[in-house]
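What follows is a short report on a single structure.
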Amino acid sequence: VFDQNTWRLFGPALEGTSGVEDRCVLPGGEEAKRWESVLGIASRAVDAGLGRDGWFLAVGGGAVCDVTAFAASVYMRGAMLHLVPTTLLAMVDASLGGKTGVDFAGLKNMLGSFYPAHRVDLPLDALCSLPEGEYRSGLGEVLKTALLGDAELYRLLAVRSEAVLSRDRATMADVVARCLGVKAAIVARDPRESGDRAFLNLGHTFAHALESVAGLGTIRHGEAVAWGLGRAMELGARLALTPPRYRDEVMDLLSRYGFATGGAAQLLAGRPEAQAHAADRLLEVMRGDKKKRSGRIRFVLQRAHADTVVSSEVPEHALRAVLEG
Ligand SMILES: NC(=O)c1ccc[n+]([C@@H]2O[C@H](COP(=O)([O-])OP(=O)(O)OC[C@H]3O[C@@H](n4cnc5c(N)ncnc54)[C@H](O)[C@@H]3O)[C@@H](O)[C@H]2O)c1
């Protein structure tokens, strides 16, 4: 299973390989994550006479990986799954942890399952063809992961930012492997997201609200996450949980990679309708989100590098001040 872009980029090299004639080529990006894609993939598998010992192979970003994994998880109650993530985000995040899914009824990941892949290959060379925006978006999740664990990864990202930004292969091999190590340790402690796995949402309460206020799809997820990391540090510092020195260190790291570290208005510049009363609108989205869950807005905060806590005791005035920057 490819999307239009990954088929164009990587298909020719696979021509003649057994199974390639049974391929599905989905639309590019989030458009691939639809129920219709699951039916399309399943139909191809039936036509190819695939049994439950047959392999579903995904070559693409998180969207292709998520939808292929979902199709594999329900095909004959579970077929073999091989993921070949081709974006930085999919390498460090979507390929590990077993979450699968498609968007449904206008909502992200509404239908899905937990189904870890049987095999994952990481084609690091694929990073070279990624558009700059997609690469930066992956870096947002990389920075988040580095705050959660692995002191060496955190150090490496600070001192080798040029190598990381220029996609140096050896450096990125180390970065990707270390990110997977951090995520694997968290997922192993909490495979079905009832506890520590929430740590992986560091920066995400802010990020989701920003993405929604800006208009879905206008700000890349990883860019929003990077901004959310800074806001989480600022909030932690206001609550006297995060030492100012650690907050400043993280802000420096974010700036080194060119990510925004100020209030929401900075990121919404050029979108006057979203920028007006940005803090009010973000708070509104956060409150709406909270209703869908357990009734309180939950923030992932840090006391230090690799020392993470989840808190729902956040006074609104502190939150508003942090959103305003
Ligand atoms: N399952 C999980 O745990 C998990 C974790 C994080 C994100 N996700 C999901 O991943 C999706 C986002 O993934 P993404 O950021 O990889 O986006 P994506 O899959 O939409 O890919 C982004 C774009 O890059 C193109 N592309 C892919 N590889 C390329 C390459 N090597 N060179 C050039 N272009 C290439 C794609 O065709 C697409 O247009 C979201 O749907 C998100 O929900 C899942």
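Whatever order the structure lists them in is the order used to number ligands and atoms, beginning at 1.
- Taking 4.0 Å as the cut-off between side-chain N and carboxylate O, Asp103 and Arg34 do not count as a salt-bridged pair.
- Under the side-chain contact (heavy atoms from CB on, under 4.5 Å) test applied with Phe199, the options Asp190, Val182, Leu147, Thr308 reduce to a single match, Thr308.
- A salt bridge between Arg296 and Glu313 is present, with a side-chain N of the basic residue lying under 4.0 Å from a carboxylate O of the acidic one.
- Look at Glu132 and Arg167 and you find a salt bridge, because one of the NZ, NE, NH1 or NH2 atoms lies within 4.0 Å of a carboxylate O, short of that distance.
- The closest heavy-atom contact to atom 38 (C) of ligand 1, among the options Ala126, Gly29, Ser129, comes from Gly29.
- Contacts between Thr100 and ligand 1, counted as non-hydrogen atom pairs separated by less than 4.0 Å, are absent for every part of the residue.
- For Gln4, the heavy-atom gap to ligand 1 stays at 4.0 angstrom or more.
- Those atoms of ligand 1 with a heavy atom of Thr6 less than 4.0 angstrom away are 27 (C), 28 (N).
- Residue contacts with ligand 1, taken as heavy atom pairs separated by less than 4.0 Å, involve Leu130 via backbone and side-chain atoms alike.
- When all heavy atoms are compared, the tightest approach of Leu200 to Val187 is CD1-CG2, 4.4 Å.
- The proximity of Asp66 to ligand 1, defined as any non-hydrogen pair under 4.0 Å, is limited to the side chain.
- Only the side chain of Pro131 comes within 4.0 Å of ligand 1, counting heavy atoms alone; its backbone N, CA, C and O stay farther away.
- When non-hydrogen atoms are compared, ligand 1 lies under 4.0 Å from the side chain of Asp3 (C-beta onward) but not from its backbone.
- Ligand 1 places these atoms under 4.0 Å from at least one heavy atom of Lys99: 1 (N), 3 (O).
- For Phe10, every heavy-atom contact with ligand 1 shorter than 4.0 Å involves the side chain, none the backbone.
- Under the 3.5 Å distance criterion, with hydrogens and angles disregarded, no donor-acceptor pair is assigned to the side chains of Asn201 and Lys144.
- Comment: Arg178 engages Asp174 in a salt bridge, judged by a side-chain N to carboxylate O separation of less than 4.0 angstrom.
- At a heavy-atom cutoff of 4.0 Å, ligand 1 is contacted by no atom of Met91, backbone or side chain.
- Salt-bridge check for Arg287 with Glu316: passed, with a basic side-chain N closer than 4.0 Å to an acidic carboxylate O.
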